[in-house]
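By convention here, the first residue in the shown sequence is residue 1. Quick caveat, the model's predicted, so the values are computed rather than measured.
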Amino acid sequence: MLQIKLPDGSVKEYPEGTSPREVAAGIGKRLAEASVAAVVDGTIVDLDRPLENGDPTREAIELRLLTSRDREALDVLRHSTAHIMARAVMRLFPGVRLAFGPTTTNGFYYDMEVDGRSISEDDFPAIEAEMAKITKDAEPFERFSLPADKAREFVADLGQTLKVEHIDEELAKFGVLSFYRQGEFVDLCRGPHIPNAGKVGAFKLLSIAGSYWKGRTDRPMLQRLYGTAFFDKKELDAYLAQVEEARKRDHRKLGKELGLFTISQLVGPGLILWMPKGAVIRGLLETFMKAELIKRGYQPVYTPHIGKVDLYKTSGHYPYYKDSQFPTLKMPADASAKELLDGLIAGSLDDDAQRVLLGKAGIPERLPDASSETKFTRPFFEMSVAERIGYLEQTCEFEEYLLKPMNCPHHIQIFAAQPRSYRELPLRLAEFGTVYRYEQSGELSGMTRVRGFTQDDAHLFCTPEQVRGEFRSTMELTQHILGSLGLTDYKLRLSKHDPEDPKYQGAAGDTWRQAEEDIRSVLDEMALPYEEAAGEAAFYGPKADFIVRDCIGRQWQLGTVQLDYVLPERFGLEYIGADNHPHRPVMIHRAPFGSMERFMGILIEHFAGAFPLWLAPEQVRILPISDKAADYAESVLKRLTDAGFRASMDHRPEKIGAKIRDAQLDKTPVMFVVGAKEAEAGNVAYRDRVAGDLGVMSLEDALARVRKEDDERTFHQAAPLAPATTGEESGANHEY
């Protein structure tokens, strides 16, 4: 008999092989009908999976039934809908070869190869109609297993060559592989799935894109079909409304319309050019942050955009980020050798000039032949130009430089530049430092995924005794920064290491556990709710990540605070303690904004381009009704600019209604409308972007109102359009 423990703590006995569906039926008919899957000892399984006690030392199997109310059930539903979509496509387009069909944060996709045609959005109605037939038929998802060799034969007979490759390359080692059948459709899949297709309440195809098989550019190009699904049509409608609002807020569209940033293909993809208005906002954010840092004892530093490769090899960034780094810059260490090499490439040096530079660089005109003690290689001046270049590359000492992927190794060198005492700690070094990653072109996206980005980076060097206090202060700083921008709806994630993952090297397990306990202690002390996630830590230490929900319900990882016992060890950092002996410091990495580019992109979408007055590139626009008020309007403009406000005037000979409309479209927070009456009385008609016409008031009162809103960093922010429908951004969950 099986001992099964239910969520209420009760333990009941069931025969061996009982399924979760049978347990549900024993509790009640309505629960059995509502259940779609189950969680068995922490693993989600099909409702009809037989329960087995694989651990005889365990008292009871823990079972939780999933219904449409559970977030995990939505992932199961969406994965099943990916199968339904693939089945519909295969019915409509013969010769489809399937790749992967995982769930994502907001839905699902399926990668597939279709003979002789490309699927387009014009095909969506037909595919959705076929999917509707499948869900109406409500056929069950049936699981079966085959030995790996038989599984390979099976998918080969189906003509699924990509599945054959996947078994050969990755799955054969598992011995037994599972499949799911639904009517005529069979797919290699780990599962789990909903009981039948009728459980899908609503679905929608969203987009089509290209993708490489297994993400490798040397593999076939596939078609990736995206969709989403829900248990209820109301949930789908709310999500689609959210998607539509997100389209309106797309920072790429608004950034162009409002003149905030641009990307030039001549400069390079993923390299942001901040235009004047965008630069104003960035400057305000940086000034705001710098003022806070000065209050909190940070010291500013500046570091170069490149460094020797050896620096990043020592830190571990070079091997870790190797696949996403720009190529190294390689050049001769000796200036004369570099001049000679450059001259040969350019064809600008005659033999006499080359001979002089060879002598200055100390490079012999010929080298001993490695195959003989008496023979020498051909003389330099008997070689071709290409051979001479090769000869220099063989004989010169070269230095390699890298566009920096992170600022921390540079800050470490500032710490290491002089002897340090415990009396100097904590040492807090801060920089808006630009770093570079060579993201694949298909992954680039406006400001949120770029190749060059500036981090509001700081690194704190402290004693072990100071760790928790300093970590708390950085958490409080991040809370203050986000709160000042109206980003107060967030949750925290304690991102831990995975002891099985090879990227977490350079520190003993006890060190990682200590660092994670330090963070956990601070979060508990601050009474901050958080979730823990293994395998999400940086390669050098665990971190606390702020997952922020914007005003339309989407979630973004923004600020992060990281605790690092690893890099001080790698670089051999020391300070002299009170005992007059050397000790190892601990590092804290923190970046409340993260990337200025990404943060800006998120802010544009969060505010829909309508920045609060204190951040707006143009705070006030003066709108003269006619030329009779032009002189007075100019004096109002001068008062505003003299007071430090960012203001302009609309001189155009347009009607006042058109001027107001254009100021609204430009997202200007405040408008001062002035005519002959206002000029005579020294007043303005105050118009707020959100509240509208606030009436006529004296110029002094209007200036005071603008000053108050600016000083208090007031927000006019819309409430979320819909409750959050997604979990945090965590990437795709691949199921075979």
Side-chain angles (χ1 to χ4, degrees), residues 2 4-7 12 14-55 60-87 98 100-103 107-108 110 134-135 137-148 151 154-155 163 171 174-201 203 229-231 732-736:
L2 295 176
I4 295 178
K5 184 178 180 180
L6 300 174
K12 298 182 179 180
Y14 293 88
E16 189 82 23
T18 296
S19 69
R21 186 197 297 275
E22 291 168 329
V23 174
I27 296 172
K29 181 180 179 181
R30 291 181 63 183
L31 178 61
E33 291 175 351
S35 296
V36 294
V39 180
V40 177
D41 291 332
T43 301
I44 302 175
V45 301
D46 301 320
L47 209 55
D48 290 316
R49 182 78 65 90
L51 297 175
E52 299 174 350
N53 191 357
D55 183 0
I61 297 171
E62 293 191 3
L63 173 68
R64 178 164 61 94
L65 296 162
L66 298 179
T67 70
S68 60
R69 296 180 179 180
D70 297 293
R71 180 62 182 84
E72 303 102 313
L74 189 56
D75 285 333
V76 177
L77 178 91
R78 287 172 171 171
H79 184 50
S80 299
T81 312
H83 279 226
I84 292 168
M85 180 181 72
R87 183 182 180 188
L98 301 174
F100 295 129
T103 60
F108 58 85
Y110 216 119
I134 294 170
T135 57
D137 290 343
E139 292 173 292
F141 285 86
E142 301 170 324
R143 185 177 189 270
F144 65 93
S145 299
L146 292 173
F154 184 72
V155 294
K163 301 287 187 179
L171 300 184
F174 293 111
V176 176
L177 303 178
S178 59
F179 292 81
Y180 280 82
R181 184 193 309 276
Q182 197 209 20
E184 82 285 359
F185 178 79
V186 182
D187 198 7
L188 174 69
C189 181
R190 186 185 298 124
H193 285 283
I194 55 178
N196 63 72
K199 292 286 186 181
V200 180
F203 58 83
F230 292 87
F231 286 102
N733 300 309
H734 288 280
E735 305 293 349
Y736 280 5

Next on the checklist: For the backbone of Ala229 and the side chain of Arg78, can you confirm whether one donor and one acceptor N or O come within less than 3.5 Å of each other?
Outcome noted: yes
Item to check | Axial cation check for Tyr180 ring with Arg190, 6.0 Å and 45° limits | outcome: no
Checklist entry - Asp48 and Arg21: which non-hydrogen atoms are nearest, and at how many Å? => result OD1-NE, 2.6 Å
Next on the checklist: I need the minimum non-hydrogen distance between Phe141 and Ile194, along with the two atoms involved.
Outcome noted: CD1-O, 3.4 Å
Checklist entry - Going through the checks in order, is the side-chain contact (heavy atoms from CB on, under 4.5 Å) test met by Ile134 and Phe185? => result CA-CA 11 Å; Ile134 294 170; Phe185 178 79; over 6 Å; no
Item to check | Heavy-atom check, side chain of Val36 versus side chain of Pro195, under 4.5 Å | outcome: yes
Next on the checklist: What's the separation between atom CD1 in Ile61 and atom CG in Leu2, rounded to the nearest 0.5 Å?
Outcome noted: 4.5 Å
Item to check | Value rounded to 0.5 Å, distance of CG in Leu177 from SG in Cys189 | outcome: 11.5 Å
Checklist entry - Rounded to the nearest 0.5 Å, what separation is found between the NE2 atom of His193 and the OG1 atom of Thr81? => result 10.0 Å
Checklist entry - Is there a side-chain contact between Asn196 and Asp137, using heavy atoms and a 4.5 Å cut-off? => result no
Checklist outcome for this item: Note: Leu188 and Ser178 closest approach over all heavy atoms is CD1-O, 3.6 Å
Checklist outcome for this item: To the nearest 0.5 Å, atom CG of Asp75 lies from atom CZ of Phe108 at 12.5 Å
Next on the checklist: Nearest 0.5 angstrom please: Thr18 OG1 to Lys12 NZ, how far?
Outcome noted: 13.0 Å
Next on the checklist: Does the plane of the ring in Phe144 sit parallel, tilted or perpendicular to the ring in Phe179? Use 30° and 60° as the thresholds.
Outcome noted: parallel
Next on the checklist: Under a 4.0 Å threshold between the charged nitrogen and the carboxylate oxygen, would Lys163 count as salt-bridged to Asp187?
Outcome noted: yes
Checklist entry - What are the two closest non-hydrogen atoms of Glu16 and Leu51, and how far apart are they? => result OE2-O, 4.2 Å
Checklist entry - If every non-hydrogen atom of Ile44 is compared with every non-hydrogen atom of Glu72, which pair is closest and at what distance? => result CD1-CB, 3.7 Å
Checklist entry - So do the side chains of Arg87 and Gln182 get within less than 4.5 Å of each other, counting heavy atoms only? => result yes
Item to check | Full working for side-chain hydrogen bond (donor to acceptor under 3.5 Å, both in side chains) between His79 and Thr103 | outcome: CA-CA 5 Å; His79 184 50; Thr103 60; 5.9 Å; no
Item to check | Closest heavy-atom pair and its distance - Val200, Phe203 | outcome: CG1-CD2, 4.1 Å
Checklist entry - Given the rule in the side-chain contact (heavy atoms from CB on, under 4.5 Å) test, do Leu65 and Asp70 qualify, once you have shown the distances and angles that lead to the verdict? => result CA-CA 9 Å; Leu65 296 162; Asp70 297 293; over 6 Å; no
Next on the checklist: Measuring only between side-chain heavy atoms, which start at C-beta, is Glu62 closer than 4.5 Å to Asp41?
Outcome noted: yes
Item to check | Flag side-chain contact, heavy atom, 4.5 Å: Leu63 against Tyr14 | outcome: no
Checklist entry - Where do Val40 and Thr43 land on the side-chain contact (heavy atoms from CB on, under 4.5 Å) test, with the steps shown first? => result CA-CA 5 Å; Val40 177; Thr43 301; 5.6 Å; no
Next on the checklist: Can you confirm whether Asp46 sits close enough to Arg143 that some side-chain heavy atom of one is under 4.5 Å from a side-chain heavy atom of the other?
Outcome noted: yes
